[in-house]
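Basis for what follows: all heavy atoms, side chains included, without hydrogens, waters or symmetry-related copies. In what follows, chains are A, B, ... by sequence order, proteins preceding strands, each numbered from 1.
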Amino acid sequence: MVKYDHTQIEPAWQARWLARQTPITEDGDRAGKYYCLVMFPYPSGRIHMGHVRNYTIGDVIARSHRLRGRHVLHPMGWDAFGLPAENAAIEQGVHPASWTMHNISYMKQQLQRLGISYDWKREVTTCRPDYYHWNQWFFLKMYERDLAYRKRSAVNWCPKCRTVLANEQVIDGACWRCDSPVAQKELEQWFLRITAYAEELLAGCDRLTGWPERVLTMQRNWIGKSEGAEVEFPLQDGSGAITIFTTRPDTLYGATFMSLAPEHPLIERLIQGRPEAAAVRAFAEEARRLDRTARLTGNFEKAGVFTGAHAINPLTRQPIPIWVGNFVLMEYGTGAIMAVPAHDQRDFEFAKKYHIPIRVVIQNADRSLRAETMPEAYTEEAGWMADSGSFTNLSQAAGKTTIINHLVAHALGKRTINYRLRDWGISRQRYWGTPIPIIYCDACGVVPVPEAQLPVVLPRDVPFTGKGGSPLAESAEFLNTTCPRCGGKARRETDTMDTFVDSSWYFLRYTAPRETAQPFRREAADYWMPVDQYIGGIEHAVLHLLYSRFFTKVVRDLGLTSADEPFTNLLTQGMVIKDGAKMSKSKGNVVDPNVLIEKYGADTARLFSLFAAPPEKDLEWDDQAVEGASRFLHRVWRLVTDQTGRVQTAGAPPDPERASPRVQTLQRATHQTIQRVTADLDKSFQFNTAIAALMEFYNTIAQWQASTPDGAQAPAGDADDRAALAEALRALLVLLSPFAPHLTEELWQRLGHTASIFAERWPVADPRWLKDELVTIVLQINGKLRSQLQVPPELDEREIETRALADPKLQPYIEGKTIRKRIYVPGRLLNLVV
RNA sequence: GCCGGGAUGGCGGAACUGGCAGACGCGCGAGACUCAAAAUCUCGUGGAGCCUGGCUCCGUGGGGGUUCAACUCCCCCUCCCGGCACCA
């Protein structure tokens, strides 16, 4: 017998698959298209176990759909711009381009060693000018449509990465990449107007039924829609008004003061010449200096200062004091709020602290609220309007709409919607990214680079000092240019784009990766898009997944494709854990995929990473369980190679009617396994149970084989027996092939097939074999299991009951008792209530 | 605080639409092979008790409920993971 030697088999098949020039993307086309995409990696150096798991999941999905006759697109590429390359340049003196390209070729080779079936002819690398050309092109299109704009604003600054971060890239006040605390900085920045799509991005969440609920929740939270009204509060001195945003216009009669953000532009005018002026300035100054992380977490003392000025409550016509509050955010709403102590907990505390009146204007169900005795604000959106002029006694809900209508009718305010979502700041003060295609001319101002001059190529000779500031500004050759409009002296924008721009449309580029005249071809994109199955980590729940949805909508509105959403189904796979923690160099719990592949082979690595846990859950690494996966593959190898002689010349298996009981047993197992594995893959990618079913199937075949009558052992043994075995082994191999492609391909050839196992069709379960010959009927007395009955499935209820009543094990329970009720579940159980 | 997800043997995890809880794998125990070990193969393996065929009771985070029957449905609670959070 030949031993299973993955070191021989795997490289040989990888070479043959690669050499076979048939474009795998064009295989199939019998049952429609299927676009299977796994988030492309940043080429950081080498593949880690998380990648192994991730790409294996994608490969099993792609291979199984191909076997089932679909036209499958399964591409791979590189998210190749980014900071690590630039840091390597600063630390080791390697150019980011060489560092990146070197990593790509190494990681590509690693992916090939895993036997992942990518269509490498469609490989996309974002740091190449043929790709980022189109980043620039999209930027210009957005600029034309006012979806890209420049503004000076306070931005998130990571002091370690020495660059700006988008709001989405600040996690708990720290940099998403390096965890450093984020500072505020005033800078001129380019923004993409993602807020123009806020409503559509939010509404789309309801239709993304193929996405995990928690990702949708995160996106909804992030967009943070709140509906309400903007209301004008006239200043008492008649010199204008303050506009506030509120979600509770029904509480307007209870507004007893106002608060402005410390940055609010109106403050200076309000305090002009008042005795409070100095104190207010000092307070605002201090509030602005408040530690950003404290401010982000709300972890500071809420305080305010009275400006001395008053505004008029537009409904009560009463003057109310205007304060400045350190908790009011200039970035949200209008930077000014009306404060209703009785119905907002924060306002309540503030009013108590500064002795400001509290007015109850919404009563609870039993109308028992009294301003003097309330221990806390009543914030329920329920109850009855009180003390609210003509609105008194309306229900809270009716009051809300009626008051909004009243405000609109009297031009006191308007219905508005506010979003938490901010525009996407994309300027980065780093080198290794897409140059922003803008030119600044002293005469003409901001001038976009004409499309014909794209791409604006990233220059290679730039000093990497690590001192901060945009490295491109150091390159005189890049910086100095002529104005495309007037031909005069001008300089280029030296910031580069956030790398999330690159990954926001790469899935479109895969549909026509070598296109040179446009980002992609419409027919190709319309054929393949949307991605049927997208696979990646949960860490991109808001970042990449939100940006990609935004880009897709922009691209659609540019008339380039008809897709509304990029990804129909999303699978977020769990992390790979060892010793209770995420694998990381600093914790020293890393398993190197190369070592694993050398020792056990890619098939074992693949099988284990799918078997140990369902894909969405974290996977706890277990070296011993890896051995288990390897053992299973060895057993399959031995079983098939031992039986090759008997199986090679076997004919077709017999019909159920004329098969011997022995043959029936195996046939039934074969078809039930086909059914189970197919269902597990279809349902929700339950690879773990699919593999378990294959293991059980192996166990059945091996036991069946061990019980073969002596005479049948020979190659010329019983024909039906051999035919059933042949069918079982063929099914076993094909069903296992997406998981363990090398082993199954090799065994397939050894069974005498000349074509690849991947040219095979996925087996279809024959319904005639799915019925059991005997079913077990559970016998219960009062719902407790007391006995079992083996009966043919077609046996009727009456006969089963007769047999049950005769069952000696039931006698102690039914003797001398009256049967009050019988519950019969066909094919499952009979429950007698006594 | 709000939202989402979760809790099942020693471990990873199964269980259709309410119908035999613990599939499959790991580990562990016993045996076979071997001079021996490794590898491999066979059998056993939720807990407790009676007893050695077998039987009984308990058991899916905790407490109640619905039902002939609950890991599954309903109510309350605890703990864990993730997200959001002075957002007006």
Side-chain angles (χ1 to χ4, degrees), chain A residues 171-172 212-222 224-226 228 244-248 251 255 258-259 261 295-300 302 325-329 331-340 344-347 349-350 379 418-420 538-539 541-542 574 577 607-608 611-614 616-629 631-632 634-635 638 676 679-680 683 686 688-699 702-703 706 776-788 809 812 820-834:
Chain A
I171 314 291
D172 292 333
E213 199 50 48
R214 59 179 182 142
V215 175
L216 295 173
T217 305
M218 282 157 84
Q219 293 217 348
R220 288 190 186 107
N221 280 344
W222 189 261
K225 178 181 184 174
S226 49
I244 59 98
F245 172 74
T246 180
T247 54
R248 295 294 305 276
T251 63
M258 308 188 70
S259 263
R295 190 150 188 194
L296 268 165
T297 51
N299 196 9
F300 61 91
K302 277 131 236 175
N326 62 357
F327 56 89
V328 183
L329 306 172
E331 314 83 84
Y332 188 80
T334 59
I337 59 168
M338 70 171 190
V340 185
D344 179 286
Q345 187 56 28
R346 189 191 45 209
D347 295 346
E349 284 160 24
F350 197 90
T379 55
N418 246 289
Y419 298 94
R420 210 185 73 99
I538 187 79
E539 66 273 18
V542 215
I577 306 284
L607 194 71
F608 171 76
F611 179 61
E616 341 57 71
K617 288 187 68 170
D618 286 351
L619 181 151
E620 172 75 37
W621 194 263
D622 179 349
D623 289 325
Q624 286 176 317
V626 175
E627 299 266 3
R631 271 204 286 271
F632 171 66
H634 275 92
R635 284 195 275 250
R638 200 165 48 234
R676 281 175 66 186
D680 282 347
K683 221 177 346 177
Q686 296 182 42
N688 53 334
T689 51
I691 293 168
L694 289 169
M695 288 174 169
E696 281 183 72
F697 186 37
Y698 164 84
N699 291 341
Q703 251 175 31
T776 305
I777 301 288
V778 172
L779 299 180
Q780 295 182 336
I781 303 294
N782 292 344
K784 290 208 178 224
L785 171 71
R786 294 302 176 191
S787 184
Q788 300 181 351
K809 283 184 194 162
R820 290 192 301 160
K821 195 170 174 184
R822 349 169 118 66
I823 294 106
Y824 176 65
V825 182
R828 285 203 179 268
L829 65 86
L830 177 69
N831 186 13
L832 300 175
V833 184
V834 298

Using whole Å, what does the distance between atom [atom2] of nucleotide [N] and atom [atom1] of [X] come to?
X: Q624(A); N: A39(B); atom1: CD; atom2: P; answer: 11 Å
X: E616(A); N: G82(B); atom1: CD; atom2: C1'; answer: 15 Å
X: R220(A); N: C84(B); atom1: CZ; atom2: P; answer: 16 Å
X: I538(A); N: G6(B); atom1: CD1; atom2: P; answer: 13 Å
X: N418(A); N: C87(B); atom1: CG; atom2: P; answer: 13 Å
X: F608(A); N: C24(B); atom1: CZ; atom2: P; answer: 18 Å
X: H634(A); N: U40(B); atom1: NE2; atom2: P; answer: 9 Å
X: Q345(A); N: C87(B); atom1: CD; atom2: C1'; answer: 16 Å

Item checked: Contacts of E696(A) that satisfy salt bridge (Lys or Arg N to Asp or Glu O under 4.0 Å) - sequence neighbours left out ->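 Salt bridge (Lys or Arg N to Asp or Glu O under 4.0 Å) list for E696(A), sorted by chain: R676(A).
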Find every protein N or O atom lying less than 3.5 Å from an N or O atom of nucleotides 1-4 of chain B, and list the pairs.
none

Just call it for [X]: base, sugar-phosphate, or nothing, with non-hydrogen atoms closer than 4.0 Å on any strand.
X: G224(A); answer: nothing
X: R631(A); answer: sugar-phosphate
X: R635(A); answer: sugar-phosphate
X: N699(A); answer: sugar-phosphate

Notebook entry, point to check: Is any side-chain nitrogen or oxygen of R676(A) closer than 4.0 Å to OP1 or OP2 of A23(B)?
Noted result: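 False: R676(A) side-chain N/O out of range (4.0 Å or more) of A23(B) OP1/OP2.
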Notebook entry, point to check: Looking at I337(A) and I244(A), what are the two nearest heavy atoms and their distance?
Noted result: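 Heavy atoms only, the tightest pair is C-CG2, 3.6 Å.
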Notebook entry, point to check: Can we call the ring centroids of F611(A) and F632(A) under 6.0 Å apart?
Noted result: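 Ring centroids of F611(A) and F632(A) are no less than 6.0 Å from each other.
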Next item on the list: Could you pull out all residues at least two apart from E539(A) that satisfy side-chain hydrogen bond (donor to acceptor under 3.5 Å, both in side chains)?
Entry: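 So E539(A) forms no side-chain hydrogen bond (donor to acceptor under 3.5 Å, both in side chains) with any residue.
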Note to self: Under the rule for side-chain hydrogen bond (donor to acceptor under 3.5 Å, both in side chains), what residues qualify as partners of Q219(A), not counting sequence neighbours?
What the structure shows: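 Q219(A): side-chain hydrogen bond (donor to acceptor under 3.5 Å, both in side chains) contacts with R549(A).
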Notebook entry, point to check: If pairs are Watson-Crick or G-U with both distances under 3.5 Å, what is the dot-bracket string of RNA chain B, marking crossing pairs with [ ] and pairs to another strand with |?
Noted result: (((((((..(((......[....)))((((((.......))))))(((((...)))))..(((((..]....))))))))))))....
Next item on the list: Find which nucleotide of RNA chain B each of S226(A) and M695(A) is nearest to by heavy atoms, and output the residue with the more 5' nucleotide.
Entry: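 The residue closer to the strand's 5' end, by nearest nucleotide, is M695(A).
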Checklist line | Which residue lies more 5' along RNA chain B, comparing D622(A) with Y698(A) via nearest heavy atoms | finding: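 Mapping each residue to its closest nucleotide by heavy atoms, the 5'-most match is D622(A).
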Closest approach to the side chain of [X], judged atom by atom: which nucleotide of [options] is it?
X: F245(A); options: G12(B), A88(B), C84(B); result: A88(B)
X: L329(A); options: C41(B), A88(B), A23(B); result: A88(B)
X: Q703(A); options: G12(B), C26(B), C43(B); result: C43(B)

Check: Using the glycosidic torsion, which applies to G9(B): syn (within 90° of 0) or anti (everything else)?
Finding: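 Syn, angle within 90° of zero.
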Between the protein and nucleotides 14-20 of chain B, list every N/O to N/O distance that falls short of 3.5 Å.
{"from": "A14(B)", "atom 1": "OP1", "to": "N688(A)", "atom 2": "ND2", "distance (Å)": "3.0"}
{"from": "A15(B)", "atom 1": "OP1", "to": "Q686(A)", "atom 2": "OE1", "distance (Å)": "3.3"}
{"from": "C16(B)", "atom 1": "O2", "to": "R828(A)", "atom 2": "NH2", "distance (Å)": "3.3"}
{"from": "C16(B)", "atom 1": "N3", "to": "R828(A)", "atom 2": "NH2", "distance (Å)": "2.6"}
{"from": "G19(B)", "atom 1": "N2", "to": "Q780(A)", "atom 2": "OE1", "distance (Å)": "3.2"}
{"from": "C20(B)", "atom 1": "O2", "to": "Q788(A)", "atom 2": "NE2", "distance (Å)": "3.0"}

